[in-house]
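So the structure is just underneath, and the comments pick up after that.
Proteins come first, then strands; the chains are lettered A, B, ... in the order of their sequence lines, and each starts at number 1. This one's a predicted model, so the numbers in the text were calculated from it and none came from an experiment.
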Amino acid sequence: MRKSICNLLIDGTTGEGCRFSGWVRSVRLSKGIAFITVNDGSNLGGIQIVAEQGLPNFEEVSRLGTGSAVQVSGVLVESPAAGQDREVRAEAISIIGPSDETYPLQKKRHTFEYLRSIAHLRPRSNTFGAVFRLRSRLAQAVHQFFSERKFLYVQTPIITSSDCEGAGELFRVTTLDAATPPLVDGSPDFSQDFFGQRTGLTVSGQLEGELFALAFSDIYTFGPTFRAENSNTARHASEFWMIEPEMAFADLADDAALAEDFVKYLCRFALEECAEDMSFFDKHIEKGLLERIRKIAEADFARLDYGEAIQRLQSSGASFNYPVEWGLDLQTEHERYITEQLIGGPAFILNYPRDIKAFYMRQNDDGRTVAAMDLLVPKVGEIIGGSQREERLDRLTDRMTQMGIAQEPLWWYLDSRRWGSCPHAGFGLGFERLVMYLSGMENIRDVIPFPRTPRHAEF
RNA sequence: UCCCCAAUAGCUCAGUCGGUAGAGCAGGUGACUGUUAAUCACCUUGUCCCUGGUUCGAGUCCGGGUUGGGGAGCCA
């Protein structure tokens, strides 16, 4: 019977026989006795196997290389030594897949840069085991959170023809021959392409999400998102996962309240459900992580207007590399100063100047701001961006005209404002940024199984 | 895309003033009946990123390139 090491440690009875499989992490050989740590990915620590000279293949087993796949039969017993409560006294160890000294993942510290070059093997390491267990559990927690609140989960398209949020950032999807595409007036004739028009990979499911919110009231999307930007930073990837809830009959305050509940829920979830891995991060990745997450889970998130944030930055006496002035966007240094110095915790910035935000955001009565919000958190900066949407057709089309956005391709989006339009709001949260925030990992490439970034699509 | 930094053994790194490369880990051999990425002793391991230059002589200095990292912009 197959049993994971995690389950063996949960329901195994001492004194009883057991059988499991996994990969060798370490072999410690003493005179006539070998200690083998085996891990199958189901938990962080794996389990210690004690092999004694009586085993028919003791000689072979005591020379097992790090990384070998083995199947173990034995008896679960109390451990007489410090370091673990229980261990397995081996009765038989069969070598399923050997591994030799050329195995790139040896039992020593490696740099994250090196481990990225062996992304096919790094999930077998402690850190990446913990990262991807956490990532998996958090993905499930996202669904759990929305499910508990009766949000509808909608799968918005990955291939899209809406090119409205700024050209150049979409990955083109085409079946036209790259060397000799059909031409019309010297440029490729996309009417002859597979979909009969220009298409690309989605940069956001928001616009389609809004359509579903205007039918199901509360919805969310959770799926892959693609940006063809030449971003080379620890926080950007070409392919990432985004969570985008959208609520009908909701305003900006409702939106912020949901975001606050959501972030706190995920913090509590990680602390409670991923305790072993979270302790590992606390010990080896970021000292004080548990305390930091605990504080977020219990914090009251601050809310301040963009205008107020500008004033407080200006009167802070701090010197910045970029100017602080009403009408200019907040730079990373400003955002971090607000959340780390001025507030000392998570903070929403609300009501940004209209001219630095997207066309679909709801215009406020002051004539110069929109109902947009960013959630800033210490250490990372912006983690969530959202807004109340412009539900008034005339205001929306006016804004599109001002910003030079063609209305025709978005006829379906505008239709939603034509019949039964209502106030609604939503936000986007980068899933990887959440995983980074909760694990203390500092590079987005280290929380994605096989990251895609400019010049990198290996594996 | 811009700015800064780096590249030496399988991995992590040191390498002085320019004089022809060495530690730890991994691997090998041995020791030790309870180890905790075991410990101890001995042994093995090199396209010093590529390319051009300066020099009697370049891992080291200079130019160009490649790759990686950090920061910024764009954002999630």
Side-chain angles (χ1 to χ4, degrees), chain A residues 24-37 39 45-54 62-63 65-67 77-84 87 89 99-118 125-127 165-166 168-169 203-206 222 224-244 259 284 320-322 329-333 335-336 356-358 374-377 380-386 427-437 442-447 453-456:
Chain A
V24 171
R25 284 292 177 80
S26 165
V27 178
R28 294 176 292 274
L29 179 64
S30 200
K31 176 120 181 163
I33 187 166
F35 300 94
I36 306 169
T37 303
N39 184 295
I47 195 165
Q48 171 163 286
I49 315 301
V50 183
E52 290 184 281
Q53 236 160 355
S62 64
R63 304 158 144 277
T66 300
V77 295
E78 301 280 340
S79 178
Q84 59 283 312
E87 62 192 18
R89 195 162 296 275
S99 174
D100 64 17
E101 72 282 0
T102 61
Y103 183 53
L105 195 62
Q106 288 298 336
K107 54 173 174 182
K108 67 184 293 284
R109 197 190 147 272
H110 294 287
T111 58
F112 288 142
E113 291 80 18
Y114 171 68
L115 290 167
R116 267 170 228 152
S117 73
I118 53 165
S125 66
N126 286 333
T127 300
E165 293 191 55
E169 64 180 11
V203 296
S204 164
Q206 183 198 313
F222 183 14
T225 308
F226 307 87
R227 303 273 166 96
E229 276 145 9
N230 190 13
S231 297
N232 292 289
T233 82
R235 303 199 200 304
H236 292 83
S238 311
E239 177 181 323
F240 63 98
W241 282 56
M242 190 153 62
I243 299 147
E244 295 179 290
H284 294 110
F320 299 106
N321 292 321
Y322 289 86
D329 209 356
L330 296 174
Q331 302 295 315
T332 301
E333 58 173 350
E335 293 180 338
R336 292 194 59 171
I356 56 172
K357 289 292 182 182
D374 282 351
L375 175 60
L376 311 181
V377 290
V380 168
E382 183 183 340
I383 194 167
I384 281 177
F427 63 81
L429 179 145
F431 183 55
E432 283 78 8
R433 290 189 181 174
L434 176 78
V435 178
M436 289 166 73
Y437 193 63
E442 292 186 334
N443 196 309
I444 198 167
R445 289 166 259 233
D446 296 328
V447 299
T453 54
R455 299 185 307 282
H456 291 285

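Spacing between B/U51 and B/U60 at atom P, rounded to whole Å, works out to 13 Å. Comparing the C1' positions of B/C49 and B/U66 gives a spacing of 8 Å, expressed to the nearest Å. Nucleotides B/U45 and B/G18 are separated by 27 Å at their C1' atoms, to the nearest Å. Nucleotides B/A31 and B/C50 place their P atoms 43 Å apart, quoted to the nearest Å. Only the C1' atoms considered, B/C17 is 28 Å distant from B/U12, to the nearest whole Å. When the P atom is used for both B/C61 and B/U16, the distance is 9 Å, rounded to whole Å. Nucleotides B/C25 and B/C40 are separated by 16 Å at their C1' atoms, to the nearest Å. Taking atom P in both B/A23 and B/U44, one finds a spacing of 11 Å when rounded to whole Å.
Counting atom types as modelled, A/Glu52 pairs no side-chain N or O with a base atom of B/U33 as donor and acceptor under 3.5 Å.
In terms of position along RNA chain B, the nucleotide closest to A/Thr66 lies nearer the 5' end than the nucleotide closest to the other residue of the pair A/Gly385 and A/Thr66. Residue order along RNA chain B, read from the 5' end via each residue's closest nucleotide, puts A/Lys108 first among A/Ile356 and A/Lys108.
The NZ atom of A/Lys108 sits 12.0 Å away from atom OG1 of A/Thr66, with the distance rounded to the nearest 0.5 Å. Remark: A/Arg116 CZ to A/Thr111 OG1 distance equals 8.0 Å, nearest 0.5 Å. We find the CG-CD1 distance between A/Leu429 and A/Ile384 to be 4.5 Å, quoted to the nearest 0.5 Å. Put simply, CD on A/Glu52 and CZ on A/Arg89 are 5.0 Å apart, with the number rounded to the nearest 0.5 Å. Expressed to the nearest 0.5 Å, how far CD of A/Glu229 lies from CD of A/Glu169 amounts to 5.0 Å. The line from CG of A/Asp329 to CG of A/Asp374 is 8.0 Å long, rounded to the nearest 0.5 Å.
Taking only side-chain atoms of A/Gln84, from C-beta outward, the nucleotide of B/U35, B/C11, B/A26 with the closest atom is B/U35. Taking only side-chain atoms of A/Thr111, from C-beta outward, the nucleotide of B/U35, B/A37, B/C13 with the closest atom is B/C13. Distance from the side chain of A/His236 is smallest to B/C74 among B/C32, B/U35, B/C74. Picking from B/A37, B/G34, B/C75 the nucleotide with the shortest atom distance to the side chain of A/Asp329 gives B/C75.
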Open item on the list: Using the rule given for side-chain contact (heavy atoms from CB on, under 4.5 Å), can you reason through A/Phe112 versus A/Asn443, listing the C-alpha separation, both sets of side-chain angles and the distance that settles it, and then say yes or no?
Closed with: CA-CA 9 Å; A/Phe112 288 142; A/Asn443 196 309; over 6 Å; no
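When the P atom of B/C75 is taken as reference, atom CH2 of A/Trp241 falls 24 Å away, rounded to whole Å. Atoms OH (A/Tyr103) and P (B/A37) sit 17 Å apart, rounded to a whole Å. The distance from atom CD1 of A/Ile47 to atom C1' of B/G34 is 16 Å, rounded to the nearest whole Å. When the C1' atom of B/U33 is taken as reference, atom CD1 of A/Ile33 falls 6 Å away, rounded to whole Å. Regarding A/Glu101, its CD atom lies at a distance of 15 Å from the C1' atom of B/A9, rounded to whole Å. Regarding A/Arg227, its CZ atom lies at a distance of 16 Å from the P atom of B/G73, rounded to whole Å. Taking atom CZ of residue A/Arg28 and atom C1' of nucleotide B/A26, one finds them 16 Å apart after rounding to whole Å. The CZ-P distance, from A/Arg109 to B/C11, rounds to 14 Å in whole Å.
Using a 4.0 Å heavy-atom cutoff across all strands shown, A/Gly428 reaches sugar-phosphate atoms only and no base atom. Note on A/Phe240: a base of the nucleic acid sits closer than 4.0 angstrom, heavy atoms only. No engagement by A/Glu432 is indicated, since no non-hydrogen atom pair under 4.0 Å with the nucleic acid exists. Nucleic acid contact for A/Ser117: none, since no nucleic acid atom lies under 4.0 Å from a heavy atom of the residue. Residue A/Arg89 is classed as a base contact, given a heavy-atom separation below 4.0 Å to a base. Counting non-hydrogen atoms under 4.0 angstrom, A/Ile243 reaches nothing in the nucleic acid. A/Ala237 comes within 4.0 angstrom of a base, heavy atoms only.
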Filtered N/O pairs between nucleotides 46-51 of chain B and protein, under 3.5 Å:
none

Which pairs, protein N/O on one side and nucleotides 67-72 of chain B N/O on the other, fall under 3.5 Å?
residue: B/G68; atom: OP1; partner: A/His456; partner atom: NE2; Å: 2.2
residue: B/G68; atom: OP2; partner: A/Arg455; partner atom: NH2; Å: 3.3
residue: B/G69; atom: OP1; partner: A/Arg116; partner atom: NH1; Å: 2.8
residue: B/G70; atom: OP1; partner: A/Asn443; partner atom: ND2; Å: 3.3
residue: B/A72; atom: O2'; partner: A/Tyr322; partner atom: OH; Å: 2.8
residue: B/A72; atom: N6; partner: A/Asn232; partner atom: O; Å: 3.4

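For the pair A/Arg235 (side chain) and A/Ile444 (backbone), a donor-acceptor distance under 3.5 Å is absent.
A/His236 and A/Thr233 are linked by a side-chain donor-acceptor pair at a separation below 3.5 angstrom, with hydrogens and angles left out of the test.
Between A/Arg227 and A/Val203, the closest heavy-atom pair is NH2-O, 2.6 Å.
In terms of the salt bridge (Lys or Arg N to Asp or Glu O under 4.0 Å) criterion, A/Glu244 has no residue partners (sequence neighbours excluded). The salt bridge (Lys or Arg N to Asp or Glu O under 4.0 Å) test applied to A/Lys107 returns no partner, not counting sequence neighbours.
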Check residues 27-37 of chain A and write down every donor-acceptor pair under 3.5 Å in which the side-chain atom is one partner and the other belongs to a residue at least two apart or another chain.
residue: A/Arg28; atom: NH1; partner: A/Ser26; partner atom: OG; Å: 3.1
residue: A/Arg28; atom: NH2; partner: A/Thr37; partner atom: OG1; Å: 3.4
residue: A/Arg28; atom: NH2; partner: A/Gln48; partner atom: OE1; Å: 3.0

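Annotation for A/Glu442: atom CD does not count as buried by contact number, only 12 or fewer foreign heavy atoms lying within 6.0 Å.
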- [ ] Can you run through RNA chain B from 5' to 3' and write each base as (, ), [, ], | or . depending on how it pairs? Watson-Crick or G-U wobble, both distances under 3.5 Å.
- [x] (((((((..((((.....[..)))).(((((.......))))).....(((((..]....))))))))))))....
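Between A/Lys107 and the phosphate of B/A37, there is no side-chain N or O to OP1/OP2 separation shorter than 4.0 Å.
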